[in-house]
Amino acid sequence: MRVVHRASPWRSLLNADGTLDTSALTAPLVHLFNYISSPQTSLVDAYAWQLSLVESLVHYDLPAWRISQIISDHNAMLYRQAIELSLDEMRAQGWGEPPVDYCVLLLGSAARYESLLGPDQDNAMIIDDYPDHRHVEIDGYFQALGERFTARLDEAGIPLCRGHVMARWPMWRKRLSEWRAQLAIWSADRQVKRVQQTNILLDFSPVAGNPALAERLGETIAATLPKAPLFMHEMAALLDELPVALDRFGRIASSPGLAAPHDQAINLKHQGLMPLVSAVRLLCVRHQRHEIATRERLIALNHESRALTSMQSDMLLAAFERLQQCLLDQQRVNKAHGHAADGWVDLRHLREDQRLLLKFDLQQIKAFVKQVRNA
């Protein structure tokens, strides 16, 4: 991937007389962070500066997996600001304080703290239990909150989810007891749609409100899903819906069903990262692990559950990191040319050694998915 790298600030760490020059490290970031985290900076401007933040982090020679964590931290900060601004607006309009405890959840890559450039919104809300006769009053409050903070994020540049996976919709905004009942319904059989919806919910992280509600939901998931054999079987079967970007001869190739922009493009998000993330998630559910981030899951599956050998864990971690790097490099190139930051990677931009490594990583992922699928 041809990405321009500026001189690293690390070479300026020591002055000629041997003294430490910490400003060489902090200067490129101080102004940027002071601006994007200032209360006077709008959500629109704070999000617009994210690409500059990423370029500054590249300047520090940070790997993509670490940059993705910082992007995710920044997006979580924007979520919290959008929620607080919405609450302030509701207070000013006479809605008052939240009538019961609640917790806004990040879902998907945001919850795993694996966001790259150009994410959309995936979120949900847990509301503490309340009597049915107060439903119109209490759910009305949180519906208004969900609509307002998601609209603010959309205006800032993090678009609404096209699949409607957001707290503004009743499907993703429920009382804790309703979430528990929903999980019982979803896991009762092997209906594809229900398994897909559960998969969305399994990667969650609290971003605002009372995190104890999220902890209780996590306990329910761990206690419910592994005891649902039909559901777990369908969850494994759905791994076949995420083919790795290899042909039957083990060569890099995009799926015919994907609308590739040209014949040298592969969707590395859908045909590389997502098969790995999904297989790791399934293995964690089987072993009742509570970790959410893919890196933490892979480490825990080796050190805690012994579901993976050290060699498997290390190899898959390295593959995960290289795929994220490849995607982020491509997204930076896209943004520099005014194009969308999506999941497609142009193979023409890869050196021969990068192609060989990518093929190796995809082969390891394909073997791992098959192992998890057939276990």
Side-chain angles (χ1 to χ4, degrees), residues 76 78-108 110-111 121-154 160-161 163-189 191 193-228 230-231 285 288 290 292:
L78 297 177
Y79 260 84
R80 286 188 287 270
Q81 289 182 352
I83 292 165
E84 193 53 47
L85 285 169
S86 298
L87 286 170
D88 286 344
E89 181 180 76
M90 291 175 69
R91 293 183 189 107
Q93 293 176 352
W95 289 78
E97 297 297 326
V100 295
D101 271 355
Y102 70 99
C103 183
V104 175
L105 303 176
L106 298 173
L107 301 176
Q121 293 185 49
D122 289 295
N123 52 71
M125 189 186 297
I126 309 170
I127 305 170
D128 205 1
D129 287 327
Y130 56 81
D132 288 343
H133 71 268
R134 297 189 65 193
H135 178 74
V136 173
E137 166 206 350
I138 294 178
D139 187 66
Y141 183 99
F142 290 111
Q143 178 182 346
L145 175 60
E147 290 173 350
R148 291 170 193 236
F149 85 74
T150 54
R152 279 187 161 85
L153 290 170
D154 182 54
L160 299 173
C161 174
H164 305 296
V165 181
M166 293 174 291
R168 58 167 45 207
W169 301 109
M171 180 71 179
W172 299 98
R173 183 187 69 252
K174 301 179 189 296
R175 286 175 280 187
L176 181 60
S177 59
E178 290 172 325
W179 277 118
R180 287 170 169 160
Q182 186 73 77
L183 280 165
I185 293 170
W186 282 348
S187 62
D189 51 30
Q191 291 188 33
K193 185 64 177 178
R194 291 177 176 179
V195 179
Q196 291 172 332
Q197 289 167 329
T198 308
N199 270 331
I200 293 171
L201 182 64
L202 288 177
D203 292 351
F204 70 89
S205 178
V207 70
N210 185 353
L213 293 170
E215 292 175 15
R216 285 181 238 163
L217 179 62
E219 291 167 359
T220 298
I221 290 171
T224 303
L225 298 190
K227 299 175 184 176
L230 291 177
F231 173 90
V285 173
Q288 300 184 43
H290 292 273
I292 299 297

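Below, all heavy atoms of this structure are taken into account, side chains as well, without hydrogens, waters or symmetry copies.
- Take Thr220 and apply the side chain to side chain donor-acceptor pair (under 3.5 Å) test, not counting sequence neighbours, and it matches Arg180.
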Quick one: do Gln121 and Asp154 satisfy side chain to side chain contact (heavy atoms under 4.5 Å, CB included)? Show the steps, please. CA-CA 8 Å; Gln121 293 185 49; Asp154 182 54; 4.0 Å; yes
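- For the pair Leu87 and Pro98, the minimum side-chain heavy-atom distance is below 4.5 Å.
- Every side chain to side chain donor-acceptor pair (under 3.5 Å) that Tyr79 has, sequence neighbours left out, goes to Asn123.
- For the atom pair Leu107 CG and Asp122 CG, the distance stands at 6.0 Å (nearest 0.5 Å).
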Hey, mind stepping through Trp179 and Leu201 against side chain to side chain contact (heavy atoms under 4.5 Å, CB included) and telling me if it holds? CA-CA 10 Å; Trp179 277 118; Leu201 182 64; 3.9 Å; yes
Given side chain to side chain contact (heavy atoms under 4.5 Å, CB included), test Leu176 with Ile127 step by step and report yes or no. CA-CA 6 Å; Leu176 181 60; Ile127 305 170; over 6 Å; no
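- With sequence neighbours left out, the ring-ring contact (aromatic ring centres under 6.0 Å, His included) criterion links Tyr102 to Phe142.
- When side chains are defined from C-beta on, Leu85 does not count as touching Phe149, because their heavy atoms never get closer than 4.5 Å.
- To the nearest 0.5 angstrom, Leu145 atom CG is 11.5 Å from Arg168 atom CZ.
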Please list, one pair per line, the donor and acceptor atoms closer than 3.5 Å that link side chains of residues 181-188 to other protein atoms, with sequence neighbours excluded.
residue : atom : partner : partner atom : Å
Gln182  : OE1  : Lys174  : NZ           : 3.2
Trp186  : NE1  : Gln197  : OE1          : 3.2
Ser187  : OG   : Leu183  : O            : 2.7

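- Screening residues 217-227 for salt bridge (Lys or Arg N to Asp or Glu O under 4.0 Å), with sequence neighbours left out, gives no hits.
- Among residues at least two apart or in separate chains, salt bridge (Lys or Arg N to Asp or Glu O under 4.0 Å) pairs with a member in residues 79-95 are Glu84-Arg91, Asp88-Arg91, Glu89-Arg148, Glu89-Arg152, Arg91-Glu97.
- Among residues at least two apart or in separate chains, salt bridge (Lys or Arg N to Asp or Glu O under 4.0 Å) pairs with a member in residues 193-205 are Arg112-Asp203, Asp189-Arg194, Asp203-Arg281, Asp203-Arg297.
- Across every non-hydrogen atom of Ala208 and Ile83, the tightest pair is CB-CD1, 3.6 Å.
- Counting heavy atoms from C-beta on, the side chains of Leu153 and Leu78 come closer than 4.5 Å.
- Every residue two or more places apart in sequence or in another chain that forms a side chain to side chain donor-acceptor pair (under 3.5 Å) with Gln143 is listed here: Glu147.
- Pairs passing the salt bridge (Lys or Arg N to Asp or Glu O under 4.0 Å) check and including a residue from residues 123-132, sequence neighbours excluded, read Asp132-Arg175.
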The test is side chain to side chain contact (heavy atoms under 4.5 Å, CB included); show your working for Leu106 and Phe204 and say whether it passes. CA-CA 5 Å; Leu106 298 173; Phe204 70 89; over 6 Å; no
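- In terms of heavy-atom proximity, Val165 sits nearest to Cys161 at N-SG, 3.5 Å.
- For the pair Thr198/Leu202, a side-chain contact is recorded, criterion being any heavy-atom separation below 4.5 Å from C-beta on.
- Side-chain contact check for Ile200 versus Trp172: some heavy-atom pair is nearer than 4.5 Å.
- Every residue two or more places apart in sequence or in another chain was checked for a ring-ring contact (aromatic ring centres under 6.0 Å, His included) with His133, and none qualifies.
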Show the atom names and distances, to 0.1 Å, of all donor-acceptor pairs under 3.5 Å that link a side chain in residues 134-141 to residues at least two apart or in another chain.
residue : atom : partner : partner atom : Å
Arg134  : NE   : Glu137  : OE1          : 3.0
Arg134  : NH2  : Glu137  : OE2          : 2.7
His135  : ND1  : Tyr130  : OH           : 2.9
Asp139  : OD1  : Arg173  : NE           : 3.0
Asp139  : OD2  : Arg173  : NH2          : 3.0
Tyr141  : OH   : Gly96   : O            : 3.1

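- Under the side-chain contact (heavy atoms from CB on, under 4.5 Å) criterion, Ala222 pairs with His290, sequence neighbours left out.
- Taking 4.5 Å as the limit, some side-chain heavy atom of Leu105 sits within range of a side-chain heavy atom of Cys103.
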